[in-house]
Amino acid sequence: LNVMEPDKATKIEDRRAEYTALRAEILQADNICLLMMGYLVTAVGFLYSVSLEWLVSFLSFISLCYFTEKRFSIRKIASFIASEVCKDDSGFGWEKYVQQLRQQRTLRPFVILRPYNAEVITCSVIALSPAVRGELVNLAQFSPSAVFWFVFSLLTLTLSVVNFIKYNRA
């Protein structure tokens, strides 16, 4: 009969509790991103319906910043789980396995299907969408609303490209 040492049993239970809490934090961040996307699409529809489409680039920029913070936080937590929680004989191997797949580029073979990438593309399209409705003409006339739209569209696109590259390198 092999009775586990009390100290080792406590460590294993503490590790299990930490793993559970960290996975819950990842799930919560992911769920918040899904909700945020729904709010973004709803708000964009509203802004277009009341002829305030020049504000969508600002909304898109704020949303992209939020998505970026959440998705990079998820990556940091997952990395911590893989390196600190799933070590030795912990019995937790999922995050290490996912990291291996990510390094082999087999986790999600189609880059565009990664949630953050879809969020980046959506925010970029939303930021540029007023151009289709004539904001470029207003920009040529230096309309304040068109300049506001253009500045935040440019910020959104720049942030999108920079973070798209950072996120997909990791």
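Linking ILVMFWY residues whenever their side-chain heavy atoms come closer than 4.5 Å, directly or via other members, leaves L35 and L40 in distinct clusters. Transitive grouping of hydrophobic side chains (ILVMFWY, heavy atoms separated by less than 4.5 Å) keeps I81 and L27 in distinct clusters. In the hydrophobic cluster analysis, where Ile, Leu, Val, Met, Phe, Trp and Tyr join through side-chain heavy atoms closer than 4.5 angstrom, V151 is grouped together with L159. Connection of Y39 to V50 is not established within any shared hydrophobic cluster, with ILVMFWY side chains joined at heavy-atom distances below 4.5 Å, either directly or through further cluster members. The hydrophobic cluster containing L55 does not contain L128, counting ILVMFWY residues as joined when their side-chain heavy atoms lie under 4.5 angstrom apart, directly or transitively.
Taking CZ from F164 and CD1 from I121, the interatomic distance works out to 6.0 Å, rounded to the nearest 0.5 Å. F58 contributes atom CZ, which lies 9.5 Å from atom OG of S63 (distance to the nearest 0.5 angstrom). Rounded to the nearest 0.5 Å, atoms CG (L157) and CG (L64) are 9.5 Å apart. Expressed to the nearest 0.5 Å, how far OG of S160 lies from CD of E119 amounts to 11.0 Å. A distance of 6.0 Å separates OG of S57 from CZ of F148, quoted to the nearest 0.5 Å. Between atom CD of residue E69 and atom OG of residue S73 there is a gap of 4.0 Å, rounded to the nearest 0.5 Å.
Looking at S79, its side chain never comes within 3.5 Å of a backbone N or O of R75 through a donor-acceptor pair. At least one donor-acceptor pair closer than 3.5 Å links the side chain of S153 to the backbone N or O of A127. Side chain of S49 to backbone of F46: a donor-acceptor contact under 3.5 angstrom is found.
A side chain to side chain contact (heavy atoms under 4.5 Å, CB included) with S60 is found for exactly one of T122, V125, I126, namely I126.
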Quiz item: Could you walk me through whether N163 and K166 pass the side chain to side chain contact (heavy atoms under 4.5 Å, CB included) check?
Solution: CA-CA 5 Å; N163 286 323; K166 282 183 186 178; 3.8 Å; yes
Practice problem: Check the pair Y116, F67 against ring-ring contact (aromatic ring centres under 6.0 Å, His included), reporting the backbone distance first and the verdict last. | Solution: CA-CA 7 Å; Y116 181 66; F67 289 133; 7.9 Å; no
Quiz item: Given L155 and F152, is the side chain to side chain contact (heavy atoms under 4.5 Å, CB included) satisfied, shown in steps?
Solution: CA-CA 5 Å; L155 286 171; F152 278 99; 4.0 Å; yes
Practice problem: Just do the side chain to side chain contact (heavy atoms under 4.5 Å, CB included) check on I77 and I74 with the steps written out, would you? | Solution: CA-CA 5 Å; I77 294 168; I74 289 171; 5.7 Å; no
Practice problem: Show the numbers, then the answer: is there a side chain to side chain contact (heavy atoms under 4.5 Å, CB included) between E53 and L47? | Solution: CA-CA 5 Å; E53 57 269 359; L47 290 172; 5.8 Å; no
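Listed here is the closest heavy atom pair of P130 and Y48: N-OH, 3.2 Å. Summarising the geometry of A78 relative to I26, their closest heavy-atom pair is N-CD1, 4.0 Å, with the distance given to 0.1 Å. Smallest separation of non-hydrogen atoms from V85 and R15: O-CD, 3.0 Å.
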